Amino acid sequence: MKGPFKSLAIAMAKGFVRDKATLFFAFVFPLMFLVIFGLLFRDIGAEKMKLGAYGDGEVITALERSGVVELERFATAAEGEAKVRDGDLPGLVEATGTTVVLRFAASDQAKAGTVQGLVAGVTQQLNVAASGQPPKYDFRAEQVEDSSLKSIQYLTPGILSWGIAVTAVFGAAITLVNWRRKQVLRRLRLAPIGITPILTSRVVVTIGVAVTQALLFIGVALLPVFGLTLSGTWWLSIPVFLSGVLAFFAIGMLVGAFCKTEEAATGAANIVVLPMAFLSGTFFPIDLAPKWLQTVSQVFPLRHMNDGVTDFLVRGKGAEALLLPCGVLLGFTLVVSFIASRVFTWEES
Amino acid sequence: MTSSGAEAIVVDDIHKSYGDLRAVDGVSFTVDHGEFFGILGPNGAGKTTALEIMEGLREPDRGSVRLLGIDPFPRKVALLPRIGVQLQASAFFDKLTAREQLETFAALYGVGPARAAEMLELVGLTDKANTREDKLSGGQRQRLSIACALVHDPDVVFLDEPTAALDPQARRNLWDVLRAIRERGKTIVYTTHYLDEAEILCDRVAIMDHGKVLAMDTPAALVRGLDAPARITLERGALTESDAAALPGADDVSADEQSLTITTRTPAPLLTALAERGTLDGLQVRTATLEDVFLHLTGREYRA
Ligand SMILES: Nc1ncnc2c1ncn2[C@@H]1O[C@H](COP(=O)(O)OP(=O)(O)OP(=O)(O)O)[C@@H](O)[C@H]1O
Ligand SMILES: [Mg+2]
């Protein structure tokens with residue numbers, strides 16, 4: 001069984017690699033979305049506040065070192081004050097000698113408050129340090145992973161899942177239809193091989209392509225321009241990823257079993273994948289959608305693949321979170337494969 | 001040769017209907033081991049349907065088939081390595097070169113890639129080894145498709161119109177290939193529209209029309225059975241009509257603007273007489289062919 005399996009897998013892999021349009025839609029097209037959205041939304045949630053600075057007191061140095069604000073220095077205090085008055089800056093810190101003055105614009109209350117708290121905090125810290133006494137209250141800031149991620153953190157799993165879903169569905173469906181239409185399936189029936197090497201070779205090629213896509217998309221997202229950071233449990237996303245590939249492969253088989261021509265299969269695959277892509281958090285976090293839509297989207301395997309991959313790739317959830325996405329995706333695979341096997345025919349008529 | 005008896009294929013009264021259409025309507029014949037058997041007939045005669053029933057690709061509505069002693073339907077995996085099939089529409093993998101197609105098919109039968117080069121050589125496609133299937137000409141595809149059917153060295157070969165779409169040269173080359181396969185003791189069943197070709201290649205032919213076998217025998221016996229006269233044609237003016245009628249064995253003489261045609265059942269003495277007179281200008285001898293057999297059997301002209 002090794003011979004037929006291997007040769008069919010090679011035949012399919014070559015067919016895939018030699019088709020420029022398929023390559024484009026598998027690799028370049030999703031990557032375009034990743035790059036465009038990645039750059040477009042790069043600064044959202046990560047933008048630093050600007051603050052005017054005049055003088056050279058210790059407070060200014062400390063503010064600069066905190067990395068929380070971006071300082072814009074002015075040669076005269078009047079110049080900086082003008083900027084604040086114009087609303088270009090939320091505030092100006094004048095630190096000369098031991099006096100620290102913060103001039104702020106009241107127009108933006110929230111920013112004014114933040115700026116005041118920040119400058120006051122830094123000044124108090126310096127005061128405590130100057131007193132030589134250990135601080136009575138120990139204060140530490142610890143970051144908690146919250147659900148509102150930096151955009152690249154949800155874009156990567158979303159576009160990854162979507163790109164893989166599209167490729168798996170189309171790959172399986174088009175191969176099946178093409179082979180049936182071109183009589184390859186009948187010809188394979190005349191060879192002494194079972195259905196197993198035909199199916200497994202196609203599954204293996206689909207997984208191989210999906211892994212390549214994943215490496216490419218994650219690799220690009222990890223570049224400093226995009227700044228993806230992987231969580232410690234990123235490797236737990238692999239089972240979710242594989243279950244997802246199988247689910248979409250099964251959908252492709254179902255589409256291929258139903259459709260008689262490549263055009264029909266392309267249309268049907270689009271009808272299946274497009275709504276899923278929009279409603280499963282591919283391009284925007286599904287949490288932003290209305291509640292009812294979030295519920296509806298639970299029926300889509302892409303939603304579960306997307307959530308599952310996000311949970312491990314970037315949210316760092318533990319192994320217990322594997323159960324839901326893997327269970328749903330594998331269950332989906334079984335049901336859809338069963339229907340596909342009922343509908344499937346070797347010949348056109 | 002094998003335990004399956006003297007006949008490679010036994011077809012017994014097979015029927016196949018598509019709705020009201022009787023594609024195959026009671027066909028019976030046997031093909032011996034090592035025989036070159038041709039199925040002839042116009043479009044829609046039922047050749048492909050009959051062939052696919054023999055291959056086990058279709059189930060007959062009625063009747064039975066024994067292929068190497070085994071009923072080929074439903075699919076018998078043990079039988080498959082022993083038969084080679086070229087389907088009427090060539091079946092190729094997308095975007096693979098000629099060599100890769102052959103290597104892939106070879107692997108399906110557990111045959112190593114070395115056979116691929118051999119097969120390319122056999123069908124004269126060595127220089128197209130690295131050409132993609134969709135870049136081959138119709139005739140080249142046809143030859144590749146035959147090579148794919150032969151790659152695992154089967155005992156019984158089914159070829160559905162292997163010489164369709166070939167130029168005369170390629171057709172003749174393919175005849176050599178088919179003869180070479182036969183020399184190796186293989187059984188060949190093939191369909192064709194070319195009556196002249198079947199006459200040259202086949203040990204026996206079955207002439208089909210409307211799902212039925214109209215006649216089946218060696219091509220020579222079928223032609224002989226017609227008892228049709230030979231027609232000798234000469235240039236007009238080489239001979240007068242009355243001189244022609246006086247020639248030994250001349251049954252009938254007719255003439256038109258360009259030519260004079262003498263009908264005879266004994267062409268040998270008549271040709272000798274013509275040679276003695278030195279009137280051989282533009283001489284053509286036409287004896288009955290399978291085409292005449294077809295015309296006789298169906299009452300209509302053969303249109304390939
Ligand atoms: N799958 C099918 N469904 C319905 N009718 C069919 C089918 N296959 C063949 N037929 C009909 O059966 C008849 C015989 O077809 P078949 O393909 O056997 O003819 P053929 O002798 O091989 O013709 P050709 O020389 O054109 O290849 C035709 O009238 C055809 O329309
Ligand atoms: Mg046919």
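The basis for the numbers below is simple: all heavy atoms, side chains too, and nothing from hydrogens, waters or symmetry mates. Letters A, B, ... mirror the listed sequences (proteins, then strands); counts begin at 1. The structure presented is a predicted model; accordingly, all values stated were derived computationally and were not measured.
- In this structure, CG on A:Leu190 lies 4.5 Å from CG on B:Leu57, to the nearest 0.5 angstrom.
- Within 6.0 Å of CZ on A:Phe258 lie no more than 12 heavy atoms contributed by other residues, nucleotides or ligands.
- Other residues, nucleotides and ligands place no more than 12 heavy atoms under 6.0 Å from the CZ atom of A:Phe278.
- Residues B:Leu108 and A:Leu8 form a side-chain contact, since some pair of their non-hydrogen atoms from C-beta on lies under 4.5 Å apart.
- Side-chain atoms of A:Val184 and B:Phe92, non-hydrogen and from C-beta on, never get closer than 4.5 Å to each other.
- Contacts of A:Leu188 with chain B are made by both backbone and side-chain atoms, with heavy-atom separations under 4.5 Å.
- Looking at B:Leu87, the atoms closer than 4.5 Å to chain A (heavy atoms on both sides) all sit in the side chain, from C-beta outward.
- Shortest non-hydrogen contact noted between A:Ala11 and B:Leu96 is CB-CD1, 3.7 Å.
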Counting backbone as well as side chains, what donor-acceptor pairs lie under 3.5 Å between chain A and chain B?
{"residue": "A:Lys14", "atom": "NZ", "partner": "B:Glu100", "partner atom": "OE2", "Å": "3.1"}
{"residue": "A:Arg18", "atom": "NH1", "partner": "B:Lys95", "partner atom": "O", "Å": "2.9"}
{"residue": "A:Arg18", "atom": "NH1", "partner": "B:Glu100", "partner atom": "OE1", "Å": "2.7"}
{"residue": "A:Arg18", "atom": "NH2", "partner": "B:Glu100", "partner atom": "OE1", "Å": "3.4"}
{"residue": "A:Arg18", "atom": "NH2", "partner": "B:Glu100", "partner atom": "OE2", "Å": "2.8"}
{"residue": "A:Lys182", "atom": "NZ", "partner": "B:Asp94", "partner atom": "OD1", "Å": "3.2"}
{"residue": "A:Arg186", "atom": "NH1", "partner": "B:Glu52", "partner atom": "OE2", "Å": "3.0"}
{"residue": "A:Arg186", "atom": "NH2", "partner": "B:Glu52", "partner atom": "OE1", "Å": "2.7"}
{"residue": "A:Arg186", "atom": "NH2", "partner": "B:Glu52", "partner atom": "OE2", "Å": "3.2"}
{"residue": "A:Arg187", "atom": "NH1", "partner": "B:Tyr109", "partner atom": "OH", "Å": "3.3"}
{"residue": "A:Arg187", "atom": "NH2", "partner": "B:Cys148", "partner atom": "O", "Å": "3.1"}
{"residue": "A:Arg189", "atom": "O", "partner": "B:Arg75", "partner atom": "NE", "Å": "2.5"}
{"residue": "A:Arg189", "atom": "O", "partner": "B:Arg75", "partner atom": "NH2", "Å": "3.3"}
{"residue": "A:Leu190", "atom": "O", "partner": "B:Tyr109", "partner atom": "OH", "Å": "3.2"}
{"residue": "A:Ala191", "atom": "O", "partner": "B:Arg75", "partner atom": "NH2", "Å": "2.9"}
{"residue": "A:Ile193", "atom": "O", "partner": "B:Arg75", "partner atom": "NH2", "Å": "2.7"}

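- When each of B:Pro81, B:Cys148, B:Ala91 is scored by its heavy-atom pairs under 4.5 Å with chain A, the top score falls to B:Ala91.
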